[in-house]
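All of these numbers come straight from a predicted model, not from anything done at the bench. Residue numbers start from 1 in every chain, and the chains themselves are labelled A, B, ... in the order their sequence lines are given, proteins ahead of strands.
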Amino acid sequence: MLDRKFIIKNADQVRDNCQRRGVSCDIDQIITLESERLEKLKLAEELNRQANETSKQIPKAESAEQRNELIEKGRDLRLQKEAVQRERDQLDATIIDLQSAIPNMTHPDVPTGGEDDAKEISFGKTPKPDFEFDTLDHVELGAKHDLFDFEAGARVAGAGFYYLKNAAVRLDLALQHYAISFLADQGFTPITTPDLALTSILKGIGFTPRGPETQIYSVEDSELNLVGTAEITLGGMLAGQTLDAEQLPVLLCGLSHCFRTEAGAAGRATKGLYRVHQFTKVEMFAFTSAESSDDMHLKMRDYECEIFDALEVPYRVIDTATGDLGGPAYRKFDLEAWMPGRGDGGAWGEVTSTSNCTDYQARRLGVRSKKTGQKGTEFVHTLNGTAVATGRAMIAILENHQLPDGRINVPKVLQPWVGCEVLEPND
RNA sequence: GGAGCGGUGGCUGAGUGGUCGAAAGCGCCGGUUUGCUAAAUCGGUGAGCCGGGCAACCGGCUCCGCAGGUUCAAAUCCUGUCCGCUCCGCCA
């Protein structure tokens, strides 16, 4: 969330920002309640000071009478204090609710608008394929090569689950292996993370489990939830920690399964592997100083581009418009791969997303940094980005690399792990 | 799953209801000295919030996993909760 003082000091800016991002919020209400809260706070502190002073006199009391008198006085002061404090806590809780609804501020270059207003920034090195034959989508290609079993997935776990088979398993592992090797070479520490996390961590990152519109699976009778992304577990790794400023940036690449209920998603786009309840993802995560998060964001975007160039998949990069940013994001770039089997005659489909969350997550997670020899601490900046979500990457690879005879080319960088240059159909 | 123990500052780790924001050590900052990829020695050194000051800083409140409770007063006692460790059981 945003800093309360910042909101009050920059009320107009924050109000404009909310409007641009299509979020309704009541800044004036926050300002009013906060000044009331400060009044209560001062009063409670003063009463507490008097009570503390009284308590200190009690052991030194000269007579039993004097002692009893002081005890009585102390009790009275504490009662008063508690009453005031309750009012203050009430106000605080209300303010936090209002405050949490306010999204992060927005990078000046972010275009205003909704999904269609995203700015197209660049294209990948691989051109869109120009097929001179009737193409198949990844589900049809999967059938030809015996790569997926959606029926069994549904039988065992319900719609939205699937089995990978044969070359799909090799591709899945190859993508993970390639992405992790690539990022390790860029200085990221490879990590495999828990696939479950505590509710408090989810909330710190900005997810709300167990709500009516939640996208999160939760485990009954426990504080655990299946993670929707390794962003949760990677960000949570340092929750509550104060880092030495010299340790920054901390660069992690995490491999995890991702689970999403996808409540309310339906239609053509849900066909096949595109929108599923479980997938595997290699995620980048960075903790940086406030000064260097913008640079790191561009770097992470470039790493995503390098990975998809290496996979020989056509894609475009977009700068997501204000209305399409999640609450914590200050700016977000998406890579959309060309998927020939999507829509009518192909369509762009999101394959990665990288966000600079500035200090929005760090404030709630309590991740600070401290410069040695300097007083105080500051919140770090957090960034996340998809290196590769194997399911969607596989769609793009299969559909773009298909040949007229039904065979499928394997991108060069994956060949060592897949074990061949071309996939031969099964039928 | 059963039994026990624990969670204290950047780190390690003491801590008897009031003299505890908390010993000691490490680390860090500064000084002195001897000197040479360092040692000795002295001093300083937690965070958040509120208020005052241009500021260095000063005053106050809070913080010993988290949330409650008892008490005039809680790191210390009680309850719940989360997490960790040890042993036993089970197990890839």
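Nucleic acid contact class of Leu243(A) (heavy atoms, under 4.0 Å, all strands): none.
With respect to Asp359(A) and Arg364(A), no salt bridge is recorded, no charged nitrogen being found less than 4.0 Å from a carboxylate O. Residues Glu46(A) and Arg49(A) are paired through a salt bridge, judged by an N-O separation under 4.0 Å between the basic side chain and the carboxylate. Between Asp319(A) and Arg331(A) a salt bridge is recorded (basic side-chain N to carboxylate O distance below 4.0 Å).
Screening Thr358(A), Thr288(A), Thr382(A), Asn356(A) for a side chain to side chain donor-acceptor pair (under 3.5 Å) involving Ser293(A) leaves a single residue, Asn356(A).
In this structure, the nucleotide among G48(B), A73(B), C83(B) sitting nearest to the side chain of Thr377(A) is G48(B). Side chain of Arg67(A), nearest nucleotide from G60(B), C50(B), C72(B): C72(B). Listed nucleotides C72(B), G51(B), U62(B) differ in distance to Asn48(A); the shortest reach to its side chain belongs to U62(B). Side-chain proximity of Lys370(A) to A47(B), G51(B), C82(B): nearest is A47(B). Residue Lys42(A) has its side chain nearest to G51(B) when only C61(B), C83(B), G51(B) are considered.
Atom P of U16(B) sits at a distance of 14 Å from the matching atom of G65(B), rounded to the whole Å. For the C1' atom pair drawn from U70(B) and G80(B), the interatomic distance equals 15 Å after rounding to whole Å. Atom name C1', nucleotides G69(B) and A55(B): the rounded distance is 45 Å, in whole Å. Distance noted for atom P between C91(B) and G13(B): 35 Å (whole Å). Annotation: C26(B) and C20(B) have their P atoms spaced 23 Å apart (nearest Å). With P as the reference atom, G18(B) and G27(B) are 33 Å apart, rounded to whole Å. Rounded to the nearest Å, the gap between the P atom of A75(B) and that of C29(B) is 32 Å. G43(B) sits 29 Å from C61(B) when the P atoms are compared, rounded to a whole Å.
Seen from the ring of Phe279(A), Arg392(A) does not count as a face-on cation partner, given the 6.0 Å and 45° thresholds.
Phosphate contact (OP1/OP2 of C50(B), side-chain N/O of Lys5(A), threshold under 4.0 Å): present. OP1 or OP2 of U62(B) sits under 4.0 Å from a side-chain N or O of Asn52(A).
A 4.5 Å side-chain heavy-atom check between Val227(A) and Leu196(A) finds every atom pair outside the cut-off. No side-chain heavy atom of Asn384(A) sits under 4.5 Å from any side-chain heavy atom of Thr354(A). Using a 4.5 Å cut-off on side-chain heavy atoms (C-beta onward), Tyr163(A) and Phe150(A) make no contact.
Nearest-nucleotide positions on RNA chain B for Ser55(A) and Asp3(A) put Ser55(A) closer to the 5' end. Positionally, the nearest nucleotide of RNA chain B for Glu378(A) lies more toward the 5' end than for the other of Glu378(A) and Ile71(A).
Between the CG atom of Leu47(A) and the C1' atom of U62(B) there is a distance of 15 Å, rounded to whole Å. Protein atom CG of Leu196(A) is 12 Å distant from nucleotide atom P of C83(B), rounded to whole Å. Across the protein-nucleic acid pair, Leu198(A) atom CG and G65(B) atom P stand 18 Å apart, rounded to whole Å. In this structure, the CD atom of Gln247(A) is 12 Å from the C1' atom of C11(B), given to the nearest Å. Summarising the geometry, the separation between NZ on Lys73(A) and C1' on U71(B) is reported as 18 Å, rounded to the nearest angstrom. Between the CD atom of Glu46(A) and the P atom of G59(B) there is a distance of 16 Å, given to the nearest Å. When the P atom of A74(B) is taken as reference, atom CD1 of Ile58(A) falls 11 Å away, rounded to whole Å. Note: CD (Glu246(A)) to P (C28(B)) measures 11 Å, nearest angstrom.
Stems are defined here as 3 or more consecutive Watson-Crick or G-U wobble pairs with pairing distances under 3.5 Å; those involving RNA chain B are B:1-7 with B:82-88, B:10-12 with B:24-26, B:27-32 with B:40-45, B:46-52 with B:57-63, B:65-69 with B:77-81.
Listed in residue order, the members of residues 74-99 of chain A having a heavy atom less than 4.0 Å from RNA chain B are Gly74(A), Arg75(A), Arg78(A).
Closest approach of Phe148(A) and Ala168(A) over heavy atoms only: CE2-CB, 4.1 Å. Considering all non-hydrogen atoms of both residues, Thr322(A) and Gly113(A) come closest at OG1-N, 3.0 Å.
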Is there a salt bridge (Lys or Arg N to Asp or Glu O under 4.0 Å) between Asp89(A) and Arg86(A) once you walk through the steps? CA-CA 5 Å; Asp89(A) 291 345; Arg86(A) 261 194 297 277; over 6 Å; no
